[in-house]
Amino acid sequence: MIGAVPGIVLAVALLGGLAAYLRVQRDPPPAWYADGGVISPTVGLTRTEKPSGVLRWLTTVDHKDIGLLYILFGTAAGLWGATDAMMMRTELLVPETVVWNVETYNAVFTTHGLTMLFFFVTPVFTGIGNYMLPLLLDADDMAFPRINAVAFWLLPPSLVLVRGGLISDVLGAVLGVLPIGVGALLALEPVSMGWTMYTPLSTEMANPQIDVTLLGLHLSGIATTMAAINFIVTIVTERPDDLGWDELDIFSWNMLVTSGLILLAFPLLGSTVILLLLDRNFGTTFFAIEGGGPMLWQHLFWFFGHPEVYILVLPAFGLISLILPKFCGRRLFGFRFIVYSTIAIGVMSFGVWAHHMFATGMDPRLRASFMAVSLAIAIPSAIKEFNWIATMWNGSLELSAPMICIVGAMSTFVIGGITGVFLAAVPVDLVLHDTHYVVGHFHLIVVGIIPLAMIAASYYWFPLITGRMYNQRLARAQATLLIVGAFVTFVPLLVLGYMGMPRRYAAYPAEFVGLNQVASIGAFVIGVSVVLWLVNLVQSIRVGPIVEDADVWNLKETGQFTREWQWFEDRIEKRRAERPLPDDHTGAESEPSEEATDPEKPD
């Protein structure tokens, strides 16, 4: 029954969305303020103001505020997960376990994967979608502002639950010097079962923190499902009448397909996690030999896990398709084909999960069918890459920081995608399975195209979000450094995989030390580039030049001054209109109005 919670949440939310849609069709729609106030056509004016300070951020239902909260939370979680990665690469500088012990390595390996997949990539893209989709759709807010806020506030406790073993370890060590009992804290050790949580290991490990981690993952799945429902209803019902499906922007298309994948994949993960909790605590045998068997976990996990790969990467594809034409001086080539390829990826992603299980001894006929679909799904991905290249062809390229990030993402995607095609072939996969080749392939996507697309979006929309401009020279250097770091880190891992080095081990034969050291140096280069990105943006928020012209990227020349920039231009015009004017008699400036000095007034 507990495993049905995501399904119940999904059903209730869909019914609520349907009821709201029908009500809108029946009654004249009210005009909503982003902060929850409403102008009713029959009742009159009701308006609420945002509170100030911390209370504003704790109670806001404005899509822009919630988008920023998602982005900040995801960035903080990503930095935490990146710290795990740096700890692993530091250990792998030498073949023996001399920096950390094996238990610590296994723990950071586990929490790195869970943190980056569930609390970094998805929240950041959800935040970008929250901020930008209503602006791109010319909507006042998301369809369900309060559900939007609830979905976000479920994530911080989820992260604490998932990483609670480390937190309790630190607290236990600090409080252990005091004359108080800390046995309960020390009992919750960091989880070290691997981020895939394979049974029977995850069933038999006695660490109670595993149960806490599973509950945290379940809660994060509910939050992600709620956000996906909100995106779908917003895109379907909040578009203006003159914005048809053929004119919907490419980022909204990608977020729509991504949300559809979430609706189908995350409830399954939640139910599977509950089954594992029952096996661990109530003696059920869902994943025991006498029950469903350990292979059942792999089937259920990877039926979620491979659509999850596209849940992570499709928003990045959407950002590339949206931003790239702006710096090529021409429209996106083959818009319809990119939309069709996005839908094709979404449909086909549920038919490839067993290519993660080619080495488990499944029937050769089944392996052949999954191999065929795994090879075929490369076609819509290739369509995107070729259309991006065609967009650049004969274009007027401007090598700004967003453009450098996009070109780098396209480059890492070529190598990451082609290496995945090899893994889709059964004979090759049987040789390379569980080697560092898989790590290199996967991370060229998740540390190549995904972060580069995020950083491109941060540079592209930074003036719109903050009203200030960043140091563009430093941004170009940072983007270039990140691309170099990604290649230096993960291409050696492909070679190590060909040489036969297994993944997930803290110690390894000395013959692999040279390439591992090169990869670790590349990881430190990535770390430096991330620090430069943070310093640039934080400093620019403080003292960056104020943007006076909304056409920051000269988009009006090519007819690509889209809705979100028009909204930004309206804000600038409003700001100019509210500036205090010089007094005619004294030359002194008159006092600005209360409305002009209140930053918390809704736009």
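Here, residue 1 is the first one in the sequence, and each next residue gets the next number. A quick note: this is a predicted structure, and the numbers were derived from the prediction, not measured.
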- Task: Could you tell me whether a side-chain N or O of Trp100 sits under 3.5 Å from a main-chain N or O of Met87, the two making a donor and an acceptor?
- Result: yes
Tightest non-hydrogen contact, residues Phe119 and Leu159, listed as CE2-N, 3.6 Å
Keeping the roles fixed (side chain from Ser192, backbone from Ala107), state whether a donor-acceptor pair exists under 3.5 Å.
no
Of all heavy-atom pairs linking Ala486 and Leu444, the shortest is O-CD2, 4.3 Å
From the list Asp84, Thr83, Asn106, Thr213, side-chain hydrogen bond (donor to acceptor under 3.5 Å, both in side chains) with Thr111 holds only for Asp84
Inset, instruction - Report yes if the distance between the aromatic ring centroids of Trp533 and Tyr470 is under 6.0 Å, otherwise no. - result: no
- Message: Looking at Ser202 and Met197, would you say the former's side chain and the latter's main chain have a donor-acceptor pair under 3.5 Å?
- Response: yes
Between His355 and His306, is a ring-ring contact (aromatic ring centres under 6.0 Å, His included) present by the stated rule, with each step listed? CA-CA 9 Å; His355 71 223; His306 206 81; 4.4 Å; yes
For Gln209 and Leu161, indicate whether the former's side chain and the latter's backbone hold a donor-acceptor pair under 3.5 Å.
-> yes
Would you say Tyr498 has more than 12 foreign heavy atoms packed within less than 6.0 Å of its OH? yes
- Give a yes or no answer on whether the side chain of Asn516 reaches the backbone of Phe512 with a donor-acceptor pair at less than 3.5 Å. yes
- Item | Between Tyr508 and Glu96, a side-chain donor and acceptor under 3.5 Å | no
_Criterion side chain to side chain donor-acceptor pair (under 3.5 Å) on Arg163 and Thr115, from CA distance to verdict_ = CA-CA 8 Å; Arg163 302 207 53 142; Thr115 302; 3.1 Å; yes
Backbone N/O of Ala425 and side chain of Asp429: donor-acceptor pair under 3.5 Å
no
Closest non-hydrogen contact found for Val124 with Ile71 is O-CG1, 4.1 Å
* To do: Please check if atom OH in Tyr505 has more than 12 non-hydrogen atoms from other residues, nucleotides or ligands closer than 6.0 Å.
  => no
Is Ile415 close to Phe487 at the side-chain level, that is, under 4.5 Å between some pair of heavy atoms? yes
Requested in this report: Could you give me the CA-CA distance, side-chain angles and deciding distance for Tyr459 and Gln478, then say whether side chain to side chain donor-acceptor pair (under 3.5 Å) is met?
Outcome: CA-CA 11 Å; Tyr459 286 145; Gln478 180 273 324; 2.6 Å; yes
Of all heavy-atom pairs linking Asn536 and Ser540, the shortest is O-OG, 2.6 Å
Can you see whether Trp297 engages Thr272 through a side-chain donor-acceptor pair at a distance of less than 3.5 angstrom?
no
ask   = Are any side-chain N or O atoms of Tyr437 and backbone N or O atoms of Thr419, one a donor and one an acceptor, separated by less than 3.5 Å?
value = yes
Set out, in order, the CA-CA distance, both residues' side-chain angles and the distance that settles side chain to side chain donor-acceptor pair (under 3.5 Å) for Ser321 and Trp388, then state yes or no. CA-CA 7 Å; Ser321 300; Trp388 294 334; 2.9 Å; yes
More than 12 non-hydrogen atoms from neighbouring residues, nucleotides or ligands closer than 6.0 Å to CZ on Phe422, yes or no?
no
ask   = Do the side chain of Glu91 and the main chain of Val99 share a donor and acceptor less than 3.5 angstrom apart?
value = yes
For Ala359 and His433, the nearest pair of non-hydrogen atoms, with its separation, is CB-CD2, 3.8 Å
message: Determine whether a donor-acceptor pair (N or O, by modelled atom type, separation under 3.5 Å) exists between the side chain of Arg367 and the backbone of Phe358.
response: yes
For Phe370 and Trp353: C-alpha separation, side-chain torsions, deciding distance, then whether ring-ring contact (aromatic ring centres under 6.0 Å, His included) applies. CA-CA 8 Å; Phe370 281 105; Trp353 81 88; 4.9 Å; yes
### Query
Taking the six-membered ring for Trp, are the ring centroids of Phe317 and Phe413 within less than 6.0 Å of each other?
yes
Residues Met348 and Pro380: closest non-hydrogen pair is SD-CG, 4.5 Å
- Message: Checking side-chain polar atoms at under 3.5 Å, does Thr284 have a donor or acceptor matched by the opposite partner on Asp279?
- Response: yes
With no hydrogens and no angle check, just 3.5 Å: does a side-chain donor-acceptor pair link Ser400 and Arg476?
no
**Message:** Any non-hydrogen side-chain atom of Lys384 less than 4.5 Å from a side-chain atom of Thr342?
**Reply:** yes
Would the distance check show the side chain of Asn101 and the main-chain N or O of Thr104 forming a donor-acceptor pair, the cut-off being under 3.5 Å?
yes
